[in-house]
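This chain uses plain numbering: 1 for the first residue, then up along the sequence. Atom set for the values below is all heavy atoms of this structure, side chains included, hydrogens, waters and symmetry mates excluded.
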Amino acid sequence: MNNLTLVHAWVLLLLPLPLLIWWLVPPYRMPRRGLVVPFLPRLAALVGHEPDRGATVTQGSFLRWLTISFCWFCVILAAARPQLIEPPINKEIPVRDLLLAVDLSGSMETQDFKDPQGKEVDRLSAVKTVLDDFLAKRQGDRVGLILFGSAAFVQAPFTEDLEVCRQLLEEARVRMAGPQTAFGDALGLAINVFDRSTVSERVLIALTDGNDTNSQVPPDKAARIAKDKGIVIHTVAVGDPRSVGEDALDETTLKRVASSTGGIYSHASDGKELQAIYDQLDKIETRKVETVSHRPRRDVYWWPLAAGLLASMLYMSTGLLFTRRTPQETSHPKAHRPSSATLNSAASAGLLPFAFHFIRPEWLLALIPAALLWWLLHRQTETQRAWRGIIAPQLLDHLWGGEQKASRFGPLEWVGLSWMISILAIAGPTWKHVPSPFADDTAALAVVVKVSPSMETEDIQPSRQERAAQKIHDLLTIRGNAKTSLIAYSGTAHVVMPATGDAGIIDSFSQALTPKVMPLDGDVAAQALRLADGTLDKAGGGSILWITDSIAPEQAQALSQWRNASNTDVRLLPPLLPGEELDTLKTSARAAGARVVPLTADDSDVQTLASAAKFADVRGGENETRWAESGYWLTPVLALMLLAFFRRGWMVSLERVSNEQRNS
């Protein structure tokens with residue numbers, strides 16, 4: 001259920017302010033030009049009015065004061081910022097980090113497992129199938145992935161993006177981490193990863209098919225450290241326990257590691273047993289989250305503004321339809337004109353002086369009737385207009401006397417400006433999103449790096465590739481724990497690391513990028529930018545840092561298509577010296593709408609990039625994207641403009657002469 005609240009309720013205390021304006025501010029007196037004729041008494045009798053001397057202070061009717069008071073109430077209510085409190089939005093925050101460690105040693109290619117169709121597959125393929133199903137059940141959890149063989153490395157830091165985790169696992173290959181089994185080092189690396197975790201419950205599930213043959217840290221020692229840090233380790237052994245040599249299973253060590261940390265040991269000799277083990281682990285390590293709630297607020301300041309605007313325009317419209325015969329004016333002889341007498345036949349009228357995409361652009365159509373009404377009012381307030389049809393036009397200009405006050409911005413102009421500002425405020429101008437209550441303070445950043453032989457050129461020391469890695473390191477240092485993803489491309493594009501707050505992992509992978517790790521030479525920049533967009537979408541929005549020394553001409557069309565489909569801000573950091581090569585790159589980068597930040601010897605380029613990335617557009621994540629209501633800040637301006645109409649005499653006079661008067 002929606003509730004209505006006022007953010008600045010104290011503003012309502014300003015409601016009596018117009019009384020002070022009426023009482024303390026001197027009346028508005030504006031001498032007006034009149035008809036100078038030798039037969040003034042006869043002319044006055046003809047039109048049925050008595051002439052007055054000097055300036056006049058127009059007194060508004062009761063309806064005028066009622067309308068303007070209502071409009072004042074509407075503006076003050078809008079300035080108090082009414083908001084609808086909408087139903088709560090809940091978000092589940094994981095309170096457990098789950099880390100998977102998978103053995104990629106040479107023995108994992110042994111084909112002694114069967115897939116669900118009964119076909120024999122290697123051990124790694126069976127593990128992938130089971131873990132893929134296991135990960136699919138952990139939606140909402142933070143899961144990390146460590147791969148190990150002769151050495152251990154983090155393939156995916158803790159992330160809620162389980163799709164990327166599953167993808168990185170699928171890309172794993174036997175021996176990609178070496179042929180041996182460094183189980184103890186994998187446990188040590190897991191402990192380091194957990195040290196950067198902010199949650200209290202930490203679980204590691206380690207899978208291996210051999211004994212430890214290459215670790216610098218013995219598994220038992222790593223297990224004791226893990227226990228001291230509150231890490232629970234479950235061990236899963238696959239393969240034949242009767243094997244000997246390097247492929248032999250050290251079940252004793254695996255059982256000891258599990259029991260010492262409060263975990264369980266399991267063994268699977270085929271796919272069904274492996275599936276059963278992970279089903280059991282899924283039940284033991286149930287998905288555990290903490291629910292946080294947020295009730296979004298929606299600005300409705302424009303409701304009272306719209307009511308006031310419509311009341312104002314309706315009242316002014318009635319002034320054009322009815323003729324007042326008896327003006328309510330008070331004469332002030334002190335302001336008389338000794339050289340002439342003036343005749344003011346005017347009807348009084350008051351007004352509410354309420355009077356870049358737009359959230360409610362349909363309200364801009366109100367500018368059309370507002371402009372038309374203002375034009376009609378302007379015609380109606382022409383002083384000479386009352387005498388047209390009574391006095392010949394060629395004589396009227398010569399009979400018009402008195403001094404016209406040189407004021408180009410009177411009550412009527414105040415009205416038009418107020419209406420325009422009101423309509424713009426109601427239409428809801430905006431230029432930024434409302435940050436998600438669950439988003440990070442600093443926007444995510446996707447770093448896209450071209451890894452090609454040309455990046456190893458040493459015209460920039462030590463090389464373009466290494467200088468790019470140094471700049472990434474400096475940028476990560478400034479951004480701290482802000483989420484960053486890493487995409488590498490050449491002839492193919494790959495998500496090296498999904499968005500993570502673990503800057504150390506991003507830094508390590510960026511330092512390790514060389515053309516040798518890329519499967520194909522070439523340039524697929526547009527594909528890399530699309531992958532970057534994908535990582536940012538999952539991180540709640542952000543911007544792209546693109547590092548490259550060239551853009552292939554054939555990428556121009558693909559980059560233009562990407563630019564047309566994406567609103568993501570892109571900044572290009574070229575590891576190039578000034579010259580023709582840099583100029584060509586700048587020209588090519590226009591297709592992607594990238595803003596070039598020149599490489600500098602100091603860290604000024606990194607500071608520029610960090611500042612721009614911090615305040616990049618952040619979307620609401622899983623919730624509907626909302627735009628910030630900026631029209632509200634026009635309400636104080638409207639309130640100040642409206643106060644002027646509580647000054648005595650500050651109003652629009654509609655001068656009309658009825659058909660009866662014209663025919664007299």
Side-chain angles (χ1 to χ4, degrees), residues 6 8-32 52-81 301 304-305 307-309 311-313 315-316 319 324 326-337 342 344 346-355 377 381 403-422 425 632-655:
L6 298 177
H8 309 300
W10 60 268
V11 174
L12 298 180
L13 297 175
L14 300 177
L15 283 172
L17 188 58
L19 296 177
L20 295 178
I21 301 298
W22 184 87
W23 181 38
L24 297 177
V25 179
Y28 174 73
R29 302 180 178 93
M30 185 176 70
R32 304 172 64 189
D52 293 321
R53 287 182 175 273
T56 61
V57 178
T58 306
Q59 303 296 316
S61 65
F62 172 77
L63 181 59
R64 185 260 182 190
W65 287 110
L66 181 64
T67 303
I68 199 171
S69 298
F70 172 75
C71 293
W72 171 253
F73 171 77
C74 289
V75 171
I76 291 300
L77 182 60
R81 198 161 194 174
Y301 69 90
L305 277 188
L309 175 67
S312 168
M313 295 179 65
Y315 175 71
M316 291 306 297
R324 297 180 56 87
T326 306
Q328 302 178 30
E329 297 177 344
T330 303
S331 178
H332 292 260
K334 293 182 180 179
H336 73 282
R337 298 196 171 282
T342 61
N344 292 305
S348 302
L351 167 74
L352 167 70
F354 276 79
L377 290 170
T381 54
E403 295 180 6
Q404 175 69 42
K405 187 173 182 179
S407 176
R408 295 185 178 181
F409 205 83
L412 183 58
E413 288 72 24
W414 207 245
V415 167
L417 180 60
S418 303
W419 279 350
M420 182 182 70
I421 294 177
S422 295
Y632 164 77
W633 302 106
L634 294 174
T635 57
V637 177
L638 291 171
L640 291 174
M641 297 182 74
L642 182 54
L643 280 175
F645 281 79
F646 287 95
R647 180 185 181 185
R648 288 168 291 167
W650 183 270
M651 62 180 62
V652 179
S653 295
L654 302 180
E655 308 232 7

Say you draw a straight line from OG1 of T635 to CG of L642; how long is it, rounded to the nearest 0.5 Å?
12.0 Å
From CD1 (I68) to CZ (F646), nearest 0.5 Å
4.5 Å
Do you know which two heavy atoms are closest between A307 and F70, and how far apart they sit?
O-CE2, 3.9 Å
Can you name the residues that form a side chain to side chain contact (heavy atoms under 4.5 Å, CB included) with L14, not counting sequence neighbours?
V11, I76
Could you check whether any side-chain heavy atom of L634 comes within less than 4.5 Å of a side-chain heavy atom of L305, counting everything from C-beta outward?
no
With distance as the sole test, does W72 use its side chain to make a donor-acceptor pair with the main-chain N or O of L643 at under 3.5 Å?
no
Mind listing the closest non-hydrogen atom pair of Y315 and R64 along with its distance?
OH-CB, 3.0 Å
Looking at every non-hydrogen atom in both residues, tell me the closest pair between R648 and W23 and how far apart they are.
NH2-O, 4.2 Å
Whether R647 side chain and P26 backbone form a donor-acceptor pair below 3.5 Å:
yes
Strictly distance-based, threshold 3.5 Å: is any side-chain N or O of Y301 a donor or acceptor partner for the main-chain N or O of A425?
yes
When you measure from the side chain of S69 to the backbone of L66, do you find a donor-acceptor pair of N or O atoms at a distance under 3.5 Å?
no
Axial cation check for W10 ring with R81, 6.0 Å and 45° limits:
no
d(L77 CG, L15 CG) to nearest 0.5 Å is 8.5 Å
Under 3.5 Å: donor-acceptor pair, side chain of W650, backbone of P411:
no
Quick one: SG on C74 to CG on L638, what's the gap to the nearest 0.5 Å?
11.5 Å
